[in-house]
Amino acid sequence: MSKRLSPQLQHNITEDAYCETHLEPTRLFCDVDQITLCSKCFQSQEHKHHMVCGIQEAAENYRKLFQEILNTSREKLEAAKSILTDEQERMAMIQEEEQNFKKMIESEYSMRLRLLNEECEQNLQRQQECISDLNLRETLLNQAIKLATELEEMFQEMLQRLGRVGRENMEKLKESEARASEQVRSLLKLIVELEKKCGEGTLALLKCLDLEIRPPELREMNFCCAEATQSMNAKYSLERSKSLLLEHLEPAHITDLSLCHIRGLSSMFRVLQRHLTLDPETAHPCLALSEDLRTMRLRHGQQDGAGNPERLDFSAMVLAAESFTSGRHYWEVDVEKATRWQVGIYHGSADAKGSTARASGEKVLLTGSVMGTEWTLWVFPPLKRLFLEKKLDTVGVFLDCEHGQISFYNVTEMSLIYNFSHCAFQGALRPVFSLCIPNGDTSPDSLTILQHGPSCDATVSP
């Protein structure tokens, strides 16, 4: 690179600086060697092919660069602080979520154990004609004990897996918090030094930064040494600042606890399955019901581009004709042909057509939404997002009126999606189904209540 002289060469210099070799004012700056030069130094062979400019110009160039880095550092500091706050909040949140999932696992275990005991009692009753056969009775009892033991072992394993995932998540978040804290400290220190640099005079700006941010190997050196001083110049300060800004900080990637699936479905669900029908008197006007009152679809409508279920209009609702006041009940819904749907339980009154109450506290819902290739799932209340690996095709819903429990299942994968326990129900409970009223192109969305085998009796309110 050839040498060049700036028009600013003749500018007044407020700081006195002299070449120790030639005892002349040093009004030039070598950007390659990062040292000030006098006119005689400039003419030497050593700096013949170096970039040389007036020290005033060099200082202003570095000042501008430092100011740019200072602005970027402030932005990055805010981002680091945000990540730090988020990680601290997530640490508190995952502890709460782990406790919630632990309660959910325990609730599911208690429910399945009750159903298992009931199934065993039914098996014994079916063998009443052989009640005198002690060997058969003993075999059935041993079978029941074995199944109960296996069930307990399976759920204990789930609790252990949940605890292991929770610990791993916490470790990742703590490590991420430590990285974010360190970056916040480094950026704060850098910002202070950059602010100081930007406010310094010409020669001071071109010299080294504060001792605190020097490399450890130079901190203990004698800084009267020209080599050490030269290595701690403006260019080094600039490069070090840039290297810090290049450090990429990301939130920790943790395992969502909803991926800790509870596998299997109770065989009693088939016994408890109810053949539901839709109640035309409660159907929203934009819904069309099939003749057998098991399928609902939108009459017409247009797709909505919104992506948050809180902004979607799920008022295209219909209740089941059946309602429950006691007992245990199970039903399945085909949601494969719906892009935005809700299934769940409604408790309240709905007398007039389309007058189903919209108060959120009166429903317990599972909501599914597909936007292009993105698949999301939510439960309510409170609104909580869940993570599933695949789009749902069939949803199973289990209701236990006595124990206040509602469970949602992925029937295809035979796994629990989410359950609510100890719900305080009031009045009759009715299954509810809903589609999102679209705004866009015609929507072919539909839901179908599935039936399996002969009709099962249900405990239905008068």
Side-chain angles (χ1 to χ4, degrees), residues 83-116 148-178 180-181 251-266 309-310 328 344-345 360-361 363-368 376-389 392 395-410 413-425:
I83 290 178
L84 177 59
T85 300
D86 289 345
E87 300 301 69
Q88 291 170 342
E89 290 177 353
R90 285 209 294 170
M91 281 193 286
M93 184 180 65
I94 66 166
Q95 288 179 320
E96 182 180 351
E97 283 190 350
E98 184 177 350
Q99 289 303 312
N100 290 339
F101 272 91
K102 182 179 179 181
K103 291 178 182 177
M104 191 169 71
I105 291 174
E106 291 171 345
S107 173
E108 186 73 5
Y109 167 71
S110 298
M111 180 271 290
R112 292 200 191 184
L113 186 60
R114 288 194 299 270
L115 294 181
L116 178 60
T149 302
E150 291 175 351
L151 184 67
E152 182 178 4
E153 290 175 351
M154 181 181 72
F155 276 84
Q156 285 296 329
E157 182 181 345
M158 290 176 185
L159 288 172
Q160 292 173 5
R161 184 169 70 244
L162 178 67
R164 183 171 61 253
V165 172
R167 288 190 297 273
E168 291 173 354
N169 284 345
M170 185 60 70
E171 289 174 2
K172 291 177 182 178
L173 288 171
K174 285 181 178 179
E175 290 174 0
S176 179
E177 181 197 27
S181 296
H253 297 286
I254 62 176
T255 303
D256 192 273
L257 296 182
S258 60
L259 294 176
C260 297
H261 298 303
I262 300 175
R263 299 290 181 181
L265 298 178
S266 172
E310 292 179 290
R328 296 183 296 275
I345 290 293
S360 59
K363 294 187 283 287
V364 178
L365 298 170
L366 174 69
T367 300
T376 58
L377 198 63
W378 306 77
V379 288
F380 180 87
L383 186 65
K384 175 181 173 60
R385 184 173 180 176
L386 305 177
F387 291 85
L388 265 70
E389 296 172 355
L392 271 175
V395 177
V397 185
F398 173 76
L399 168 65
D400 187 333
C401 296
E402 277 71 26
H403 292 87
Q405 181 168 338
I406 300 173
S407 302
F408 296 102
Y409 296 90
N410 182 339
E413 300 293 327
M414 297 187 66
S415 62
L416 176 71
I417 298 172
Y418 200 83
N419 72 18
F420 297 87
S421 57
H422 307 295
C423 299
F425 298 132

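In this chain, residues are counted from 1 in sequence order. For clarity, every value in this text was computed on a predicted model and none was experimentally measured.
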ask   = Please walk me through it: do H403 and H422 pass side chain to side chain contact (heavy atoms under 4.5 Å, CB included)?
value = CA-CA 6 Å; H403 292 87; H422 307 295; over 6 Å; no
task = Search all heavy atoms of S407 against all heavy atoms of L416 and return the closest pair with its distance.
result = CB-CD1, 4.0 Å
key: V379 side chain reached by T367 side chain, heavy atoms, under 4.5 Å   = no
Point-to-point distance, once rounded to the nearest 0.5 Å, from OH of Y418 to CG of L377 = 11.5 Å
message = Can you tell me how far apart CG (L366) and CD1 (I345) are? Round to the nearest 0.5 Å.
response = 12.0 Å
inquiry  = Do N410 and V395 have side chains that approach each other closer than 4.5 Å (heavy atoms only, starting at C-beta)?
reply    = no
inquiry  = I'd like to know if the side chain of S110 pairs up with that of E108 as donor and acceptor (distance under 3.5 Å, no hydrogens or angles considered).
reply    = no
task = Just jot down the side chain to side chain contact (heavy atoms under 4.5 Å, CB included) partners of C423, sequence neighbours excluded, or say none.
result = F420, F425
request  = Would you sort out whether K174 and E171 count as a side chain to side chain contact (heavy atoms under 4.5 Å, CB included), showing the intermediate values?
outcome  = CA-CA 5 Å; K174 285 181 178 179; E171 289 174 2; 5.8 Å; no
inquiry  = Using every non-hydrogen atom in the two residues, find where R114 and D400 come nearest and quote the distance to one decimal.
reply    = NH2-OD2, 3.4 Å
For N419 against Q405, the heavy-atom pair lying closest together = ND2-NE2, 3.9 Å
query = Got a sec, which residues hit side chain to side chain contact (heavy atoms under 4.5 Å, CB included) with T85, two or more places apart in sequence or on another chain?
reply = E89
inquiry  = Side chains of L392 and I417, heavy atoms from C-beta outward: is any pair under 4.5 Å?
reply    = yes
key: Non-neighbouring partners of S421 that pass side chain to side chain contact (heavy atoms under 4.5 Å, CB included), sequence neighbours left out   = S107
Report, one line per pair, each donor and acceptor closer than 3.5 Å where one atom sits in a side chain of residues 149-160; sequence neighbours left out.
| from | atom 1 | to | atom 2 | distance (Å) |
| --- | --- | --- | --- | --- |
| T149 | OG1 | I145 | O | 2.8 |

task = Compare every heavy atom of A180 with every heavy atom of I83, then report the nearest pair and how far apart it is.
result = CG2-CB, 4.4 Å
message = If I compare all heavy atoms of R112 with all of G264, which pair ends up nearest, and what's the gap?
response = NH2-O, 2.6 Å
query = Quick one: are L386 and W378 in side-chain contact, heavy atoms under 4.5 Å?
reply = no
query = At what distance, to the nearest 0.5 angstrom, does CD of Q95 lie from CG of N100?
reply = 12.0 Å
request  = Could you pull out all residues at least two apart from F408 that satisfy ring pair (Phe, Tyr, Trp, His ring centres under 6.0 Å)?
outcome  = none
task = For the residue pair E177 and M91, establish whether any side-chain heavy-atom pair is separated by less than 4.5 Å.
result = yes
ask   = Considering only heavy atoms from C-beta outward, does the side chain of L84 approach that of S181 to under 4.5 Å?
value = yes
note = Taking every heavy atom of L173 against every heavy atom of A252, the minimum-distance pair comes out as CD2-CB, 4.0 Å
request  = With sequence neighbours excluded, give me every salt bridge (Lys or Arg N to Asp or Glu O under 4.0 Å) pair touching residues 90-100.
outcome  = E87-R90, E97-K384
